[in-house]
Amino acid sequence: VPAMFDAMFAAGAEHLGVAKSTVMVSYFAFIVAWAGAGEELYFRGYVQGSLRKYHSARYAIVVAAALFAVRHYMQMLLLLPKYPIFAASAWVLMGFLLGIVLGMLYERTKSLWVPIAIHYLFNIIPFLVR
């Protein structure tokens with residue numbers, strides 16, 4: 001994962017014409033300010049919660065996780081063709097699987113706090129292992 005982020009930061013820096021460190025700091029600020037809480041409020045709270053009113057929990061979790069993965073794929077599309085497609089695909093698959101786990105946790109706990117905390121932890125780990 002750290003190598004994937006390095007490649008993402010390098011591709012983003014080249015695409016935007018800024019220093020790699022600027023992209024890294026901006027990305028870190030984004031995940032602290034938005035990703036954990038914002039994505040969980042939207043994908044688990046709104047999407048999964050809305051679908052759960054009319055469909056099974058399994059259906060709601062899978063659809064919310066798929067949309068979560070698509071959101072992460074859109075992030076990778078901004079970096080093409082400078083970013084390896086294999087790494088982008090791995091990122092999207094990881095997003096889908098994480099979305100499934102977070103959806104199951106939300107369903108089990110009936111609280112967004114657990115998925116939010118795990119999402120933040122998942123996002124921060126690559127910065128801690130650098």
Side-chain angles (χ1 to χ4, degrees):
V1 172
M4 180 189 72
F5 275 104
D6 276 341
M8 184 176 74
F9 297 146
E14 185 177 334
H15 181 74
L16 297 171
V18 298
K20 183 175 157 184
S21 60
T22 301
V23 174
M24 188 171 91
V25 168
S26 298
Y27 188 80
F28 186 74
F30 167 76
I31 67 169
V32 168
W34 163 256
E39 289 183 345
E40 291 312 308
L41 285 169
Y42 181 72
F43 289 105
R44 255 50 71 194
Y46 178 70
V47 174
Q48 183 176 325
S50 295
L51 289 170
R52 185 66 174 96
K53 291 176 184 175
Y54 305 101
H55 302 284
S56 69
R58 181 176 298 184
Y59 177 86
I61 290 168
V62 169
V63 171
L67 293 172
F68 181 70
V70 168
R71 202 274 323 140
H72 287 83
Y73 186 66
M74 298 307 293
Q75 174 184 349
M76 295 293 104
L77 285 177
L78 295 174
L79 302 174
L80 292 176
K82 301 292 182 182
Y83 194 72
I85 193 71
F86 176 77
S89 299
W91 179 250
V92 172
L93 177 60
M94 189 169 33
F96 178 71
L97 296 175
L98 179 63
I100 295 288
V101 170
L102 294 173
M104 290 168 55
L105 286 169
Y106 176 53
E107 190 67 31
R108 176 170 276 212
T109 65
K110 303 295 185 219
S111 170
L112 284 171
W113 289 112
V114 174
I116 288 170
I118 291 173
H119 195 144
Y120 271 118
L121 181 62
F122 188 82
N123 285 345
I124 291 172
I125 286 173
F127 292 94
L128 299 176
V129 298
R130 293 178 70 64

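- Side-chain heavy atoms closer than 4.5 Å link hydrophobic residues (I, L, V, M, F, W, Y) into clusters, and following such links, even through other members, never connects Trp34 to Trp113.
- Of all heavy-atom pairs between Gly99 and Ala65, the closest is C-CB, 3.6 Å.
- Phe68 carries Arg44 over the face of its six-membered ring, with the cationic atom under 6.0 Å from the centre and within 45° of the normal.
- Atom CZ of Phe30 sits in a crowded spot, with more than 12 heavy atoms from other residues, nucleotides or ligands closer than 6.0 Å.
- Between the CG atom in Leu98 and the NE2 atom in His72 there is a gap of 7.5 Å [rounded to 0.5 Å].
- The minimum heavy-atom distance linking Ala60 with Leu51 is given by the pair CB-CB, 3.7 Å.
- Ion pair Arg52/Glu107 flagged as a salt bridge, since at least one NZ, NE, NH1 or NH2 atom sits closer than 4.0 Å to an Asp/Glu carboxylate oxygen.
- In the hydrophobic clustering of this structure, Leu102 does not group with Leu93; members are Ile, Leu, Val, Met, Phe, Trp, Tyr whose side-chain heavy atoms approach within less than 4.5 Å, directly or through other members.
- Heavy-atom neighbours of Lys110 NZ from other residues, nucleotides or ligands within 6.0 Å: above the threshold of 12.
- Other residues, nucleotides and ligands contribute over 12 non-hydrogen atoms within 6.0 Å of the CZ atom of Phe96.
- Two residues are said to be in side-chain contact when any heavy atoms from C-beta on lie closer than 4.5 Å; Tyr106 and Val114 fail this criterion.
- Pairing each heavy atom of Asn123 with each of Ala35, the nearest pair is ND2-CB, 3.4 Å.
- When all heavy atoms of Ser111 and Pro115 are compared, the pair lying nearest together is O-CD, 3.3 Å.
- The shortest side-chain heavy-atom distance between Phe43 and Gln48 does not fall under the 4.5 Å cut-off.
- In this structure, Leu121 is not a member of the same hydrophobic cluster as Met104, with clusters built from ILVMFWY side-chain heavy atoms closer than 4.5 Å.
- For Tyr27 and Phe9, the gap between ring centers is short of 6.0 Å.
- The same ILVMFWY cluster, assembled from side-chain heavy atoms under 4.5 Å apart, contains both Val23 and Ile31.
- Judged purely by atom type and a 3.5 angstrom limit, Ser50 uses its side chain to pair as donor or acceptor with the backbone of Tyr46.
- No continuous path of hydrophobic side-chain contacts links Ile61 to Met94 [ILVMFWY only; heavy atoms under 4.5 Å].
- Heavy-atom contacts from other residues, nucleotides or ligands closer than 6.0 Å to OH of Tyr120 number more than 12.
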